[in-house]
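Here the structure comes first, spelled out in C-alpha cells, and everything after it is commentary.
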Number of protein chains: 2
Amino acid sequence: MDTQAAQRVAHDGGADLFGVCPFVTSQSVLQGKWAILILHHLAEGPLRFNELLRRMDVAQGTLSKQLKNLEHEGLVRRIVHADGPLRVEYELTDIGLKFRGVLDAIEAWGNDYIEFLRTHDGDDVR
Amino acid sequence: MDTQAAQRVAHDGGADLFGVCPFVTSQSVLQGKWAILILHHLAEGPLRFNELLRRMDVAQGTLSKQLKNLEHEGLVRRIVHADGPLRVEYELTDIGLKFRGVLDAIEAWGNDYIEFLRTHDGDDVR
DNA sequence: CGGGATCCTATGGGATACTG
DNA sequence: CAGTATCCCATAGGATCCCG
C-alpha cells in the first residue's frame, strides 16, 4: 500500500455512516450518473443487456460496470437463460423493487422541477 | 417513408434529456456526495454555514461549492443578515421544500436497505 | 449477444492556506 | 464567521479493441 492510501485509511477515523444513516447509505447507492436511470428502466420489468443499452445512451463498458455494482449491492439480479443463444436478463430483487417508492418521488419532483425551470427562464440553472 | 428515415427518427441520437426526463433531470441535481445530505439537513429549517459544516463531516471548500450549486439550481436560498457580525443562513426555496417528498422516500428505503444489509451479512456489499 | 480489458480524460472532492 | 483560491489525487465514465 502506498503512502497516500495509508494516510487516507489512517485518517478515516471520521465516522462513516454507511449502514447507519439511511441518507448516507442511500446516497452511496444513488451516486453516479446511471444508477437511478437503470433502476427506473428495470422497474417496469426485466430487460436484456442490449435493450438497456438502447434505452439509455450509455457506453457498454459503463453499463456493464454499473450493473455489476447494482448486482453486488443486492438491487439487481442477473439471469442467464440456458437455452439456445446467449441471453441475459436483469431484473430487480425484492429490495430493488422497494426502491420504486424513491423512483416515484423522484419522478414527481423531477416534473415539478422541470416546470420550475421553465417558469424561471431568466435564471441560468446548470 | 423509407426504413432508414424511420430508424433515425426512432433513435434519439445522443440527446441530453435534462429538462425533459424527470429522472435525468433529478439525477443531475442529486449527483455528488453531498447534495442529498445538505437538502436533508436544511429540510428541518434554515442553518448557518458552520452549523452545516459541523453536522456533516465535509471539507469547507466542498461544502461551499455544493451550496453554490444548489443555490444556482434554485433549491437553496442564501440569506445574509445585515446586523452585527457576519451571519449567513441557508434555507430551502419552494422547489427545494418540495424535495422533501424524495427525502422521505429515500429515508424509508434507506432504512429498509440497512435492514437488508444486516440480514444478508455474508454478501460483501460495497 | 453480452460482455471483459485497457487506456484516457473529466471532474468531484479533500487539504491547506489565505481573506473580508 | 463565512467563505475563496489553489493544488492534488482518486475515481467515474467514455472510447476502443477483443473474446467466448
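Just so we're on the same page: letters track the sequence lines, and every chain starts at 1.
With DNA chain C read from its 5' end, the first of the two nearest nucleotides for A:Leu67 and B:Ala59 is the one closest to A:Leu67. Positionally, the nearest nucleotide of DNA chain C for A:Tyr90 lies more toward the 5' end than for the other of A:Tyr90 and B:Leu63.
Using a 4.0 Å heavy-atom criterion, one finds that A:Val80 contacts no nucleic acid atom at all.
In this structure, of D:dG13, D:dC1, D:dT4, it is D:dC1 that holds the atom nearest to the side chain of B:Leu86. Of the candidates D:dC1, C:dG13, C:dG2, C:dG13 carries the atom nearest the B:Thr62 side chain, counting heavy atoms from C-beta on.
Regarding A:Glu51, its CD atom lies at a distance of 14 Å from the C1' atom of C:dG2, rounded to whole Å. Between B:Asn69 atom CG and D:dG3 atom P the separation is 14 Å, expressed in whole Å. Rounded to whole Å, atom P of C:dG2 lies 10 Å from atom CG of A:Leu53. As rounded to whole Å, 13 Å separates atom C1' of D:dA2 from atom NE2 of B:His81. Atom CD of A:Gln66 and atom P of D:dA12 are 9 Å apart (whole Å). For A:Phe49 and C:dG3, the CZ to P distance is 6 Å, given to the nearest whole Å. A:Asp83 places its CG atom 13 Å from the C1' atom of C:dC1, with the value rounded to the nearest Å. Following rounding to the nearest Å, A:Leu47 (CG) and C:dC1 (P) show an atom-to-atom distance of 15 Å.
The side chain of A:Arg48 places no N or O atom within less than 4.0 Å of a non-bridging phosphate oxygen (OP1 or OP2) of C:dC1. The phosphate of D:dG14 (OP1 or OP2) has no side-chain N or O of A:Gln60 nearer than 4.0 angstrom. The phosphate of D:dA2 has neither OP1 nor OP2 within less than 4.0 Å of any side-chain N or O from B:Arg78. Dashed line: the shortest gap from a side-chain N or O of A:Ser64 to OP1 or OP2 of C:dG3 is not under 4.0 Å. Within the structure, every side-chain polar atom (N or O) of B:Lys65 is placed at least 4.0 Å from both OP1 and OP2 of D:dG3.
Heavy-atom neighbours of A:Asp104 CG from other residues, nucleotides or ligands within 6.0 Å: above the threshold of 12. Heavy-atom contacts from other residues, nucleotides or ligands closer than 6.0 Å to CG of B:Asn111 number more than 12.
Salt bridge annotation for B:Lys68-B:Glu71: absent, with no cationic side-chain nitrogen under 4.0 angstrom from a carboxylate oxygen.
When all heavy atoms of B:Thr93 and B:Arg77 are compared, the pair lying nearest together is CA-NH2, 3.7 Å.
Annotation: side chain of A:Asn69 is not in contact with side chain of A:Leu75 (no heavy-atom distance under 4.5 Å).
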